[in-house]
2 protein chains.
Amino acid sequence: MRSYGQFCAMAKALDLVGDRWSLLIVRELLIRGPLRYTDLRQGLPGIATNLLAQRLEGLEKTGILRREYAPPPIATTLIDLTARGKELESVLFELGKWGAPLLAKPGNHDAFCGHWLALPAKHLLHDQTPDGPPVTLEIRSGGEPLSIEAAGGSVHFRIGPAKNPDLALSGTPLLMLGVLMGKREFASACKEGLKYEGDPNILRRLQPTA
Amino acid sequence: MRSYGQFCAMAKALDLVGDRWSLLIVRELLIRGPLRYTDLRQGLPGIATNLLAQRLEGLEKTGILRREYAPPPIATTLIDLTARGKELESVLFELGKWGAPLLAKPGNHDAFCGHWLALPAKHLLHDQTPDGPPVTLEIRSGGEPLSIEAAGGSVHFRIGPAKNPDLALSGTPLLMLGVLMGKREFASACKEGLKYEGDPNILRRLQPTA
DNA sequence: CGGCATCCTCTTTGATACTG
DNA sequence: CAGTATCAAAGAGGATGCCG
């Protein structure tokens with residue numbers, strides 16, 4: 001991208017991460033940590049492979065990410081954010097907060113990956129019952145499932161299935177999101193197609209109070 | 001801009017404000033309130049007029065800004081953010097915080113407008129002596145001067161010259177920014193070309209404590 | 001297979017000129 | 001003042017090819 005040529009912090013930031021796909025690449029790396037090229041690509045449905053390569057080159061040059069060869073059994077290069085790149089998390093979080101209302105509509109033909117829920121969940125879910133026994137929640141909605149664990153007052157995430165989840169949810173992204181964030185009644189979500197196994201009450205332990 | 005087609009709040013946000021110039025247009029409107037087309041353009045050095053017109057159309061359609069005819073003596077249409085558009089302030093602020101280190105270098109051929117300091121100043125400056133008498137600071141560095149007033153514990157801004165500023169600063173954007181934010185010694189800034197009239201001590205009343 | 005590079009088409013941008 | 005019109009250059013998207 002061409003520089004804006006303005007002595008302004010926001011313009012300078014956009015010089016580095018303002019072009020198409022750049023911030024979504026950062027999103028993927030924030031959520032899923034070090035990734036192989038091909039795995040990164042799967043979290044960015046719609047990107048052209050040449051464009052991804054081009055962006056990675058740019059983001060590496062500006063110190064936002066780094067590529068490093070990982071020895072066997074990985075035996076390939078992994079892409080990861082630098083410390084500076086990770087500082088973009090608050091930008092992405094604010095952007096997501098602002099964009100959240102736009103998810104109110106079904107968005108039927110949109111691509112979806114379960115792990116995209118991790119970033120909002122990380123900021124918005126809290127363990128409301130710190131003294132209770134640990135509970136595990138599994139979200140199945142698209143691509144890899146997402147495991148969420150609440151224990152001792154904090155919440156943790158992992159991409160992949162949980163061992164013995166206390167509750168497993170599956171359904172459309174829209175339903176899942178509404179139920180997780182407490183914006184939609186569990187019962188009404190079930191009527192609209194949400195499926196679950198386990199104890200729905202553990203949702204209340206995680207949902208934001210507001 | 002083409003939609004990313006992803007069911008993700010960040011991607012949806014970027015669908016609306018992710019294309020070139022959009023966030024800088026929002027920056028201008030946040031800082032300078034309702035503006036005429038031509039005045040808006042002056043705060044966006046480098047934008048092509050057809051592109052500005054195109055962006056305004058898009059941002060109006062998505063409910064981020066609004067155009068309204070103002071009766072004489074203005075007798076033209078004014079462009080302003082909607083409430084939804086104003087909510088982008090936190091996004092821009094985080095972006096600016098992230099981008100701030102990029103202003104450490106002179107950036108010699110960059111364009112600059114004094115009012116661009118208003119947004120960081122609004123968030124970072126505080127009145128450290130709420131009980132003191134009101135003081136006024138005038139910043140002259142490019143385009144219109146910026147007036148900053150500290151009184152009764154809060155800080156206010158206005159584009160344009162101050163009546164009787166207790167301190168007026170002029171110099172390069174880099175020096176100005178460093179001195180304002182307390183990252184550069186006043187004396188050393190003066191050696192590098194910062195000019196002032198009035199009482200430099202009032203700076204300490206505003207500078208961030210960190 | 002993983003990690004790109006090439007080629008081609010289509011869209012977006014940038015620069016400038018012009019108009020009601 | 002507030003744009004539209006025009007046109008060249010850059011960038012994005014899609015398919016495919018190449019090489020360890």
Side-chain angles (χ1 to χ4, degrees), chain A residues 1-6 11 14-25 28-29 32 34-62 65-80 109-111, chain B residues 1-6 11 14-25 28-29 32 34-62 65-80 109-111:
Chain A
M1 167 182 281
R2 237 185 112 130
S3 166
Y4 286 107
Q6 299 185 358
L14 291 172
D15 281 348
L16 301 192
V17 297
D19 38 21
R20 195 157 164 75
W21 292 107
S22 287
L23 280 175
L24 296 186
I25 291 170
E28 283 306 303
L29 294 170
R32 299 197 289 155
L35 284 173
R36 295 182 301 177
Y37 183 91
T38 308
D39 296 331
L40 177 54
R41 198 148 88 92
Q42 285 175 346
L44 296 165
I47 199 173
T49 173
N50 58 350
L51 196 50
L52 177 55
Q54 196 177 305
R55 288 288 177 274
L56 291 180
E57 194 188 348
L59 292 170
E60 186 175 19
K61 228 180 298 185
T62 53
L65 58 80
R66 157 183 36 206
R67 277 182 277 200
E68 223 164 306
Y69 181 80
I74 297 180
T76 187
T77 69
L78 290 181
I79 302 159
D80 199 10
H109 299 294
D110 287 348
Chain B
M1 168 181 284
R2 225 183 127 129
S3 166
Y4 286 106
Q6 299 185 357
L14 290 173
D15 281 348
L16 301 193
V17 297
D19 37 22
R20 195 159 163 74
W21 292 105
S22 287
L23 280 176
L24 295 186
I25 291 170
E28 284 305 303
L29 293 170
R32 298 197 290 154
L35 285 174
R36 295 181 301 178
Y37 183 91
T38 308
D39 295 332
L40 177 54
R41 200 147 87 90
Q42 285 175 344
L44 297 165
I47 200 173
T49 174
N50 58 348
L51 197 50
L52 177 55
Q54 198 177 305
R55 288 288 177 271
L56 291 180
E57 194 188 348
L59 292 170
E60 186 175 19
K61 228 181 298 187
T62 53
L65 58 79
R66 159 183 35 207
R67 278 183 277 201
E68 222 163 310
Y69 181 80
I74 297 180
T76 186
T77 69
L78 290 181
I79 302 159
D80 199 10
H109 299 293
D110 287 349

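So that the names make sense, note that chain A is the first sequence line, chain B the second, and so on, each numbered from 1.
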Distances under 3.5 Å between protein N/O atoms and the N/O atoms of nucleotides 11-18 of chain C, please, pair by pair.
unit_1 : atom_1 : unit_2 : atom_2 : d
C:dT13 : OP1    : B:R55  : NH2    : 2.7
C:dT13 : OP2    : B:R55  : NH2    : 2.8
C:dG14 : OP1    : B:R20  : NE     : 2.5
C:dG14 : OP1    : B:R20  : NH2    : 3.1
C:dG14 : OP2    : B:W21  : NE1    : 2.8
C:dG14 : O3'    : A:R2   : NH1    : 3.4
C:dA15 : OP1    : A:R2   : NH2    : 3.1
C:dA15 : N6     : B:N50  : ND2    : 2.6

Problem - Counterpart residues, side chain to side chain contact (heavy atoms under 4.5 Å, CB included), relative to B:P73 (two or more places apart) - result: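 Expected list: none.
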* To do: Just jot down the side chain to side chain contact (heavy atoms under 4.5 Å, CB included) partners of A:T76, sequence neighbours excluded, or say none.
  =>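 Listed in chain order: A:R36, A:I74.
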With sequence neighbours excluded, residues passing salt bridge (Lys or Arg N to Asp or Glu O under 4.0 Å) with [X]:
| X | result |
| --- | --- |
| A:R32 | A:E28 |
| B:R2 | none |
| B:D110 | A:K12 |

At 10 degrees resolution, what angle do the end axes of the helix from C:dC1-D:dG20 to C:dG20-D:dC1 form when each is taken over five base pairs?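 Rounded to the nearest 10 degrees, the bend comes out at 30°.
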Under 3.5 Å, N/O pairs linking protein and nucleotides 18-20 of chain D:
none

Requested in this report: Name the closest nucleotide to the B:R67 side chain, picking from D:dA2, C:dC4, D:dG3.
Outcome: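 Nearest to the side-chain atoms of B:R67, counting from C-beta on, is D:dG3.
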Spacing of [X] atom [atom1] relative to [N] atom [atom2], expressed in whole Å:
| X | N | atom1 | atom2 | value |
| --- | --- | --- | --- | --- |
| A:L40 | C:dG3 | CG | C1' | 12 Å |
| A:L52 | D:dG14 | CG | P | 14 Å |
| A:L59 | C:dC4 | CG | P | 13 Å |
| A:Q42 | C:dC1 | CD | P | 12 Å |

For B:T77, check side chain to side chain donor-acceptor pair (under 3.5 Å) against everything at least two apart and list the hits.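 Side chain to side chain donor-acceptor pair (under 3.5 Å) check on B:T77 returns nothing, list empty.
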Using the side chain to side chain contact (heavy atoms under 4.5 Å, CB included) rule, take A:I79 and A:R67 through it: C-alpha gap first, then chi angles, then the decisive distance, then the call. CA-CA 5 Å; A:I79 302 159; A:R67 277 182 277 200; 3.7 Å; yes
With a 3.5 Å cut-off and sequence neighbours excluded, list the donor-acceptor pairs that the side chains of residues 40-57 of chain B form with protein atoms.
unit_1 : atom_1 : unit_2 : atom_2 : d
B:T49  : OG1    : B:Y37  : OH     : 2.8
B:R55  : NE     : B:R20  : O      : 2.7
B:R55  : NH2    : B:R20  : O      : 3.4

Quick check: does any side chain N or O of B:D15 sit under 3.5 Å from a backbone N or O of B:Y4, one acting as donor and the other as acceptor?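 Yes.
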